[in-house]
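Scroll down for the structure; my scribbles are underneath it.
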There are 2 protein chains.
Amino acid sequence: MLDFNKCPCSGNNLDKLVQPTILTILAQEDLYGYKIVQRIAESPMFKGHKPDGTGVYRTLKAMEQRGLVISSRSLTDTGPAKIFYHITKEGEECLSHWINTLEEYRQIIGMMLAEVHNVCAKIKRSTDNVNLTQD
Amino acid sequence: MLDFNKCPCSGNNLDKLVQPTILTILAQEDLYGYKIVQRIAESPMFKGHKPDGTGVYRTLKAMEQRGLVISSRSLTDTGPAKIFYHITKEGEECLSHWINTLEEYRQIIGMMLAEVHNVCAKIKRSTDNVNLTQD
DNA sequence: TCAAGCATAAGACATTCTCCTATAGTAGAT
DNA sequence: ATCTACTATAGGAGAATGTCTTATGCTTGA
């Protein structure tokens, strides 16, 4: 039997939206990787379930190379070394681009939804008809 | 200078939604790979730009292995061999699951949008203030 | 007969994801 | 005192995905 929990139809496909999530977090305050992981976990799309830490650290480094954020080691702190990330002007610009893109995504998903609804309703009707005939 | 056209903030991140798109297409009529590629291209998220054919063919095979669709070679046709795909009961069930998932995605993106809007407005205000002070 | 489009698909490389492991410091419990 | 759990970062490896090139062979029209 098909396990729909392991099917993309049950979600867990919004991974690529981690980047705007990080930018949104950093637009509000400078933070280090570990805390960013926790904040991402709190975001609506992760619902408390932490994303892979390694992935986030690597994403942050990639984002720094692309000039969206800059990092600095914390000097004041005792405890394990933290690497704080600060959003750049380009990062802010990138985030404002995301508004258009997210709006487009929402529209596209809305259109898909309308179509899927439509198609599923048709399927249901024809299934019901079969059942009626059989009864 | 950062090229935002190559940034995910400019879109092209909805690749994983190819599967529900295929299911939606096949829920309406049996079709073969090449035509499916064209239909996907027509879908709102691809805006006329064709997805990679190899990828679609492989996705279809994977979907068949998962029991969402079944294939059959066309017998009647002259011309190059076509492999028609037909949606299964499980495929239809999967598609109906997608309704919930897409609805959730739309909600999540809506929440993200609200937050990004909010944050960008703050950034804009503080930038404006700096400009005012400078003038 | 030549080019363009139809139709499928393997190969190969790049990118991305995820799991496992390693490090090292801190805080609280037993 | 020492042990466990948590904080904090990160490399390595293999799996999964994505994408580009190439190959095959048929059809249609110039």
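Chain A is the first sequence line, chain B the second, and so forth, proteins listed ahead of strands; every chain is numbered from 1.
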Using atom [atom1] of [X] as one end and atom [atom2] of [N] as the other, report the distance to the nearest whole Å.
{"X": "B:K82", "N": "D:dT27", "atom1": "NZ", "atom2": "P", "result": "11 Å"}
{"X": "A:I83", "N": "D:dT9", "atom1": "CD1", "atom2": "C1'", "result": "6 Å"}
{"X": "A:M63", "N": "C:dT15", "atom1": "CE", "atom2": "P", "result": "18 Å"}
{"X": "A:Y57", "N": "C:dC20", "atom1": "OH", "atom2": "C1'", "result": "16 Å"}
{"X": "A:R73", "N": "D:dT7", "atom1": "CZ", "atom2": "C1'", "result": "15 Å"}
{"X": "A:L60", "N": "D:dG11", "atom1": "CG", "atom2": "P", "result": "13 Å"}
{"X": "A:H49", "N": "C:dC17", "atom1": "NE2", "atom2": "C1'", "result": "12 Å"}
{"X": "B:K16", "N": "C:dT16", "atom1": "NZ", "atom2": "P", "result": "12 Å"}

Starting at the 5' end of DNA chain C, which residue's closest nucleotide do you reach first, B:Y85 or A:T59?
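Of the two residues, B:Y85 wins.
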- request: Search all heavy atoms of B:G110 against all heavy atoms of A:R106 and return the closest pair with its distance.
  value: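 Between these two residues, the closest heavy atoms are CA-NH1, 4.0 Å.
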For B:T59 and B:I22, work out which heavy atoms get closest and say how close.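 For B:T59 and B:I22, the tightest heavy-atom pair comes out as CG2-CD1, 4.1 Å.
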**Q.** Strand contacts (DNA chain C) in residues 26-40 of chain B, 4.0 angstrom heavy-atom criterion
**A.**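 Residues of residues 26-40 of chain B that come under 4.0 Å of DNA chain C are, in numerical order, B:Y32, B:G33, B:Y34.
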Got [X] and [Y] here, is their nearest side-chain heavy-atom distance under 4.5 Å?
{"X": "B:L23", "Y": "B:C94", "value": "yes"}
{"X": "A:C120", "Y": "B:I99", "value": "yes"}
{"X": "A:K47", "Y": "B:E104", "value": "yes"}
{"X": "B:L17", "Y": "B:Y105", "value": "yes"}

For nucleotides 10-13 of chain C, print each protein N/O atom paired with a nucleotide N/O atom at under 3.5 Å, atom names and distance only.
residue, atom, partner, partner atom, Å
C:dA10, N6, B:T54, OG1, 2.8
C:dG11, O6, B:R58, NH2, 2.9
C:dA12, N6, B:R58, NH2, 3.0

(Q) Starting the side chain at C-beta, find the nucleotide from C:dA9, D:dT17, D:dC20 nearest to B:D52. (A)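 Of all the options, the side chain of B:D52 is nearest to D:dC20.
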Q. Distance from B:L95 atom CG to B:T101 atom OG1, nearest 0.5 Å?
A.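 So the CG of B:L95 and the OG1 of B:T101 are separated by 10.5 Å.
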Under a 3.5 Å cutoff, is there a donor and acceptor pairing between the side chains of B:E115 and A:T24?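 Their side chains do not contain a donor-acceptor pair, so the 3.5 Å distance test is not met.
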Considering residues at least two apart in sequence or located in another chain, which fulfil the side chain to side chain donor-acceptor pair (under 3.5 Å) criterion with A:H117?
->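 A:H117: no side chain to side chain donor-acceptor pair (under 3.5 Å) contacts found.
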